[in-house]
Amino acid sequence: MAAAEQEEKSIQDELTDQILLAERVIKSAQEAESSKLECSELAKQSTQLAHLLRSVVRLTPSTQSLYEPPLRRIITDSSMNLIRALTLVRKCKHSGVLRLVFAITTTADFRKVSNLLESSIADIKWLISIYNRICLHVLYNRTKTKCID
């Protein structure tokens, strides 16, 4: 039983790390000096992803470990996508001609990272819908649990 609790904490910690990573993307995007429009779009997507991850944090303690493998896969994917977004947005923070030359970013780069973040958002929404179905089933059986809208 202690191993299950430790595993659960591990998932909670991973989700918390993802939320903090999304917040770093948002902050870096606000500090961007070039490609401000594209960076602001990535910040919006990161804000949405952070909000969804907070919802998952509220749901995970009340769910069974049956859904842990897809949760871990989704967490890993969203982590990689947020790291890509952070790397891209940080390239936009630098000023000066020489730095801009060495940190060239294209519209295709932003489009690719934006699509990756959209994919992560869709995965998290799917996960929340699964958790909500579990909650509805449990509520139908008159057992209390945490559910979100």
Side-chain angles (χ1 to χ4, degrees), residues 3-137 145-149:
E5 289 177 34
Q6 186 179 16
E7 192 72 23
E8 186 174 301
K9 286 183 182 179
S10 175
I11 289 175
Q12 293 292 320
D13 290 343
E14 288 181 36
L15 288 167
T16 302
D17 290 344
Q18 297 310 304
I19 294 166
L20 294 174
L21 186 56
E23 295 296 331
R24 288 174 54 200
V25 172
I26 296 163
K27 185 176 188 244
S28 292
Q30 292 169 345
E31 296 171 352
E33 295 178 9
S34 63
S35 303
K36 291 182 180 184
L37 183 63
E38 291 88 351
C39 288
S40 69
E41 182 60 33
L42 293 181
K44 287 178 191 175
Q45 290 174 315
S46 297
T47 301
Q48 184 178 5
L49 189 55
H51 175 72
L52 292 169
L53 288 167
R54 285 184 185 97
S55 297
V56 174
V57 168
R58 289 191 299 266
L59 288 172
T60 52
S62 65
T63 58
Q64 300 171 350
S65 63
L66 176 66
Y67 296 100
E68 196 171 302
L71 175 59
R72 288 197 179 277
R73 184 198 59 81
I74 290 170
I75 290 171
T76 301
D77 289 349
S78 69
S79 174
M80 291 187 313
N81 295 340
L82 284 168
I83 289 169
R84 287 180 181 130
L86 183 60
T87 302
L88 184 60
V89 169
R90 282 185 173 167
K91 288 182 181 179
C92 300
K93 282 177 65 171
H94 305 297
S95 61
V97 177
L98 191 57
R99 288 186 183 239
L100 288 175
V101 169
F102 288 111
I104 294 175
T105 56
T106 65
T107 305
D109 295 332
F110 284 101
R111 199 172 323 136
K112 181 178 179 180
V113 171
S114 178
N115 287 338
L116 291 170
L117 289 177
E118 282 298 324
S119 176
S120 291
I121 289 167
D123 287 345
I124 299 291
K125 284 182 178 180
W126 172 81
L127 191 63
I128 290 171
S129 73
I130 297 299
Y131 285 139
N132 278 333
R133 287 184 188 147
I134 294 169
C135 291
L136 289 174
H137 177 72
T145 188
K146 296 178 185 176
C147 292
I148 63 167
D149 294 325

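As the structure is a computational prediction, the values presented were derived from the model and not from experiment. Along the sequence shown, the residues carry numbers beginning at 1.
- Note that the CH2 atom of Trp126 and the CG atom of Leu52 stand 14.5 Å from one another [nearest 0.5 Å].
- In the model, Gln45 has a side-chain atom that pairs as donor or acceptor with a side-chain atom of Ser114 under 3.5 Å.
- The distance from the CG atom of Leu15 to the CD1 atom of Ile124 is 7.5 Å, given to the nearest 0.5 Å.
- Annotation for Ile26 and Ala43: closest pair CG1-O, 3.7 Å, computed over non-hydrogen atoms.
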>> Run the salt bridge (charged side-chain N to carboxylate O under 4.0 Å, His left out) test on Glu31 and Lys27 for me, step by step, so that the C-alpha distance in whole Å, both residues' side-chain angles and the decisive distance to 0.1 Å come before the verdict.
In response: CA-CA 7 Å; Glu31 296 171 352; Lys27 185 176 188 244; 3.5 Å; yes

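- The CG atom of Leu49 sits 9.5 Å away from the CG atom of Asp123 when rounded to the nearest 0.5 Å.
- A distance of 11.0 Å separates CG in Leu20 from CG in Leu82, rounded to the nearest 0.5 Å.
- Rounded to the nearest 0.5 angstrom, Glu118 CD and Ile121 CD1 are separated by 4.5 Å.
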>> If you apply the rule side-chain contact (heavy atoms from CB on, under 4.5 Å), what do you find for Lys125 with Gln48, and how did you get there?
In response: CA-CA 10 Å; Lys125 284 182 178 180; Gln48 184 178 5; 3.5 Å; yes

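- The two residues Ala29 and Cys39 come nearest to each other via the heavy atoms CB-O, 3.3 Å.
- In this structure the side chain of Leu53 never reaches within 4.5 angstrom of the side chain of Thr16, judged on heavy atoms.
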> Between Thr76 and Arg73, does a side-chain hydrogen bond (donor to acceptor under 3.5 Å, both in side chains) hold up when you go through it step by step?
Replying inline: CA-CA 5 Å; Thr76 301; Arg73 184 198 59 81; over 6 Å; no

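- Judged purely by atom type and a 3.5 angstrom limit, Ser46 uses its side chain to pair as donor or acceptor with the backbone of Leu42.
- A donor-acceptor contact shorter than 3.5 Å links the side chain of Ser78 to the backbone of Ile75.
- Not one N or O on the side chain of Asn81 forms a donor-acceptor pair closer than 3.5 Å with the backbone of Leu117.
- Across all non-hydrogen atoms, the minimal contact from Ser28 to Leu86 is OG-CD1, 3.6 Å.
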>> Assess the residue pair Glu14 and Arg72 against the criterion (side-chain contact (heavy atoms from CB on, under 4.5 Å)); give the C-alpha distance rounded to whole Å, side-chain angles, the decisive distance to 0.1 Å, and a yes or no.
In response: CA-CA 9 Å; Glu14 288 181 36; Arg72 288 197 179 277; 2.7 Å; yes

> Does the salt bridge (charged side-chain N to carboxylate O under 4.0 Å, His left out) test come out yes or no for Glu38 and Arg111, once each step is laid out?
Replying inline: CA-CA 9 Å; Glu38 291 88 351; Arg111 199 172 323 136; over 6 Å; no

> Does the pair Arg90 and Arg24 meet the rule for a side-chain contact (heavy atoms from CB on, under 4.5 Å), with working shown?
Replying inline: CA-CA 10 Å; Arg90 282 185 173 167; Arg24 288 174 54 200; 2.8 Å; yes

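- Smallest separation of non-hydrogen atoms from Ile128 and Ser55: CD1-CB, 3.8 Å.
- At least one donor-acceptor pair closer than 3.5 Å links the side chain of Gln18 to the backbone N or O of Ser79.
- With rounding to the nearest 0.5 angstrom, the OG atom of Ser119 is 7.0 Å from the CG atom of Asp77.
- Residues Leu21 and Asp17 are not in side-chain contact: their nearest non-hydrogen atoms beyond the backbone lie 4.5 Å or more apart.
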